[in-house]
A.B. asks: 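Here it is, the structure, as structure tokens.
Side-chain atoms are counted along with the backbone in the values below, which use heavy atoms only and exclude waters and symmetry mates. It should be emphasised that the depicted structure is a prediction, and the values quoted were computed from it without experimental measurement.
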Amino acid sequence: MLRVVSWNINGIRSPRQGVVYEEPNNRTTMAMGRILDNLDADIVCFQETKVTRDALTEPLAIIEGYNSYFSFSRNRSGYSGVATFCKDSATPVAAEEGLSGLLATQNGDVGCYGNMDEFTQEELRSLDSEGRALLTQHKIRTWEGKEKTLTLINVYCPHADPGKPERLAFKMRFYRLLQIRAEALLAAGSHVIILGDLNTAHRPIDHWDAVNLEYFEEDPGRKWMDGLLSNLGCQAGSHGGPFIDSYRCFQPKQEGAFTCWSTVTGARHLNYGSRLDYVLGDRTLVIDTFQASFLLPEMMGSDHCPVGAVLSVSSVPAKQCPPLCTRFLPEFAGTQLKILHFLVHLKQDPVFKQSALPLSNQTQVQMRPNKARVHSTRPRPTSTKGQKQLMSYFQSSSSRLQASANLELPSLGTLVTPKTPEDKVTAKVVEGQSKASEAKNEKEVRISFWKSVLGGPLPMPLCRGHKEPCVMRTVKKPGPNLGRHFYMCARPQGPPTDPSARCNFFLWSRPS
């Protein structure tokens, strides 16, 4: 059996520890090795790693029993990025970064690019510059003993921001490039699996609030998926695209099967989300070899949950990892050059010997061994002219005592000395209490002053639906209210018919 899993991990926030997942009243830290153990898959594909090459550390990249492959964003730091971890028993025969072929190294790459004449070189370079695609090609063996080629395309598709129409165009061009590459691999005889975060909920059943979204079916991303996927699941007589949504193949009518929830509103607690993560396989592969397709909503660590599939095939591992493997990077392979490699020893430099000038007699004397000066007992004359010696800035102890004797000391009559030890102790206690009392009074005066100046935070208003304290939020959408604070119900977001979900209470905060 071959088990593949995909997970949008939403950022590797702690390079030494692994992944830090934060939600209200929930903070979880997981090391990469433990994540892979929990997923228990032969091939694990991560999206949105948000790690650059200079921030990638060995505990994240080199995991015992696995070989890893990373694609980094070349435009922005801490943005996008995908990674694929393969067990040594599923070592790929080829690996490649990007969809266009512009990032291929011509050594161990996957190949099969299709006709990309509709794209300019600048556009292809831009589509591959955000680290959104990674391909690994594997040899698999069916139960009949036939060896075949399987190519996994690990993708993190762009998000279409409603306020940025250029990002919608970028997303659709990325979709188009992905389809061309996948179909070219199919035409070359390879089976293909597209898995990852496609950033589109395909059908109304895949989105909780689809009935309230205007023109849901007319979304360009959903129309693209309609053309890519077969519309009748796994039935042999179905028509449509060359790929199958494996989860809907096994669970065609399962409601509430979501993979992404808002962490800001706590929507995961009431399963108020959408399905953005998929395992898509070509028709023949899904019908002949897929045994199951699943979601893992109980797996915490991101605002997404893992998705995966089980195939009734075995992997035929390659004898050697492809050159793209992370363990071959100079910073992890131990092949970095040391600074001594860039320095030349003076005795071995003939140019230095030729260019050296004759030394003067005085310089030659100064360069003689120090033994002559060590054994010399001839006293050196001291000169009052020229630079002063260091000792001239210090005074002897006798001179300091003589100077201190000229100081005027206070008379004994001015000193107040207790008559008895008991009086001395009493005086110290009284003095200490007086100082403590003065400090306490001064602190109280200071606190009273600031309380009169600062009114302090107002109590949280109560929402009308549950009569519970609200939470304060900040407007982040560009517009006249950007940065303005408001109050809303503190409960997690959920369906309007659920009384335990957040009510629609809203109140602007007072002007600052």
A.B. asks: State whether a side-chain donor-acceptor pair under 3.5 Å links Asn10 with Lys50.
C.D. replies: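 On atom types as modelled, these side chains qualify, holding a pair under 3.5 Å.
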A.B. asks: State whether Glu218 and Lys223 are salt-bridged, where the test is any N-O pair (Lys NZ or Arg NE/NH1/NH2 against Asp/Glu carboxylate O) under 4.0 Å.
C.D. replies: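 Yes, this pair counts.
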A.B. asks: Measure the acute angle between the ring planes of Tyr175 and Trp224, then classify it against the limits of 30° and 60° as parallel, tilted or perpendicular.
C.D. replies: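 Parallel.
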A.B. asks: Checking the side chain of Thr289 only, and the main-chain atoms of Val313 only, is there a donor and an acceptor separated by less than 3.5 Å?
C.D. replies: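 Not a single qualifying donor-acceptor pair exists.
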A.B. asks: I'd like to know if the side chain of Asp109 and the backbone of Gly111 have a donor-acceptor N/O pair within less than 3.5 Å.
C.D. replies: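 Checking the backbone N and O of Gly111 against the side chain of Asp109, no donor-acceptor pair under 3.5 Å is found.
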A.B. asks: Below 4.0 angstrom, N of the basic side chain to O of the carboxylate: do Glu468 and Arg502 qualify?
C.D. replies: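 Judged by the 4.0 Å cut-off on N to carboxylate O distance, Glu468 and Arg502 do not form a salt bridge.
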A.B. asks: Between Arg327 and Glu58, does any side-chain N to carboxylate O distance fall below 4.0 Å?
C.D. replies: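 Glu58 and Arg327: not salt-bridged.
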A.B. asks: For a 4.5 angstrom cut-off between non-hydrogen side-chain atoms, does Thr105 reach Leu324?
C.D. replies: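 They are not in contact (no side-chain heavy atoms under 4.5 Å apart), so the answer is no.
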A.B. asks: Are Glu118 and Arg173 close enough for a salt bridge, meaning some N to O gap below 4.0 Å?
C.D. replies: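 Answer for the salt bridge query: yes.
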A.B. asks: Could you give me the CA-CA distance, side-chain angles and deciding distance for Asp303 and Trp261, then say whether side chain to side chain donor-acceptor pair (under 3.5 Å) is met?
C.D. replies: CA-CA 6 Å; Asp303 56 344; Trp261 306 265; over 6 Å; no
A.B. asks: Is it the case that the side chain of Gln137 and the backbone of Ala94 share a donor-acceptor pair, with hydrogens and angles ignored and the cut-off at 3.5 Å?
C.D. replies: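 The answer is no, because no donor-acceptor pair under 3.5 Å joins these two groups.
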A.B. asks: Given side chain to side chain donor-acceptor pair (under 3.5 Å), test Thr263 with Arg268 step by step and report yes or no.
C.D. replies: CA-CA 7 Å; Thr263 56; Arg268 189 168 190 168; over 6 Å; no
A.B. asks: Looking at Arg203 and Asp226, is there a salt bridge between them, counting it only when a charged N and a carboxylate O are closer than 4.0 Å?
C.D. replies: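 Salt bridge: yes.
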A.B. asks: Show your working on side chain to side chain donor-acceptor pair (under 3.5 Å) between Gln47 and Ser6 and close with a plain yes or no.
C.D. replies: CA-CA 8 Å; Gln47 301 86 43; Ser6 170; 3.0 Å; yes
A.B. asks: Would Asp245 and Arg248 pass as an ion pair if we require N to O under 4.0 Å?
C.D. replies: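 Not counted as a salt bridge, because no side-chain N and carboxylate O are separated by less than 4.0 Å.
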A.B. asks: Judged by atom type as modelled, is there a donor-acceptor pair below 3.5 Å linking the side chain of Tyr272 to the main-chain atoms of His269?
C.D. replies: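 It does not hold such a pair.
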A.B. asks: Do the charged groups of Arg125 and Glu123 touch, with an N to O distance under 4.0 Å?
C.D. replies: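 Looking at Glu123 together with Arg125, the answer is no, because their closest N to O distance does not fall below 4.0 Å.
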A.B. asks: Walk me through whether Asp277 and Thr259 qualify under side chain to side chain donor-acceptor pair (under 3.5 Å).
C.D. replies: CA-CA 6 Å; Asp277 305 85; Thr259 66; 2.6 Å; yes
A.B. asks: Under 4.0 Å between a side-chain nitrogen and a carboxylate oxygen: does that hold for Arg167 and Glu130?
C.D. replies: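 Yes, this pair counts.
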A.B. asks: Using the side chain to side chain contact (heavy atoms under 4.5 Å, CB included) rule, pick out the option among Leu280, Val279, Leu295, Asp206 that qualifies with Tyr247.
C.D. replies: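 Result for side chain to side chain contact (heavy atoms under 4.5 Å, CB included) with Tyr247: Leu295.
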A.B. asks: Judged by atom type as modelled, is there a donor-acceptor pair below 3.5 Å linking the side chain of Arg132 to the main-chain atoms of Ser80?
C.D. replies: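 No, the answer is negative, given that no donor and acceptor are paired below the 3.5 Å cut-off.
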A.B. asks: Kindly assign one of parallel, tilted or perpendicular to the pair Phe170 and Phe174, based on the angle between their ring planes and the thresholds 30° and 60°.
C.D. replies: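 Parallel, since the angle between the ring planes stays under 30°.
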A.B. asks: Main chain of Ala201, side chain of Arg222: is a donor-acceptor contact present, judged purely on distance under 3.5 Å?
C.D. replies: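 The answer is yes, because a donor-acceptor pair under 3.5 Å joins these two groups.
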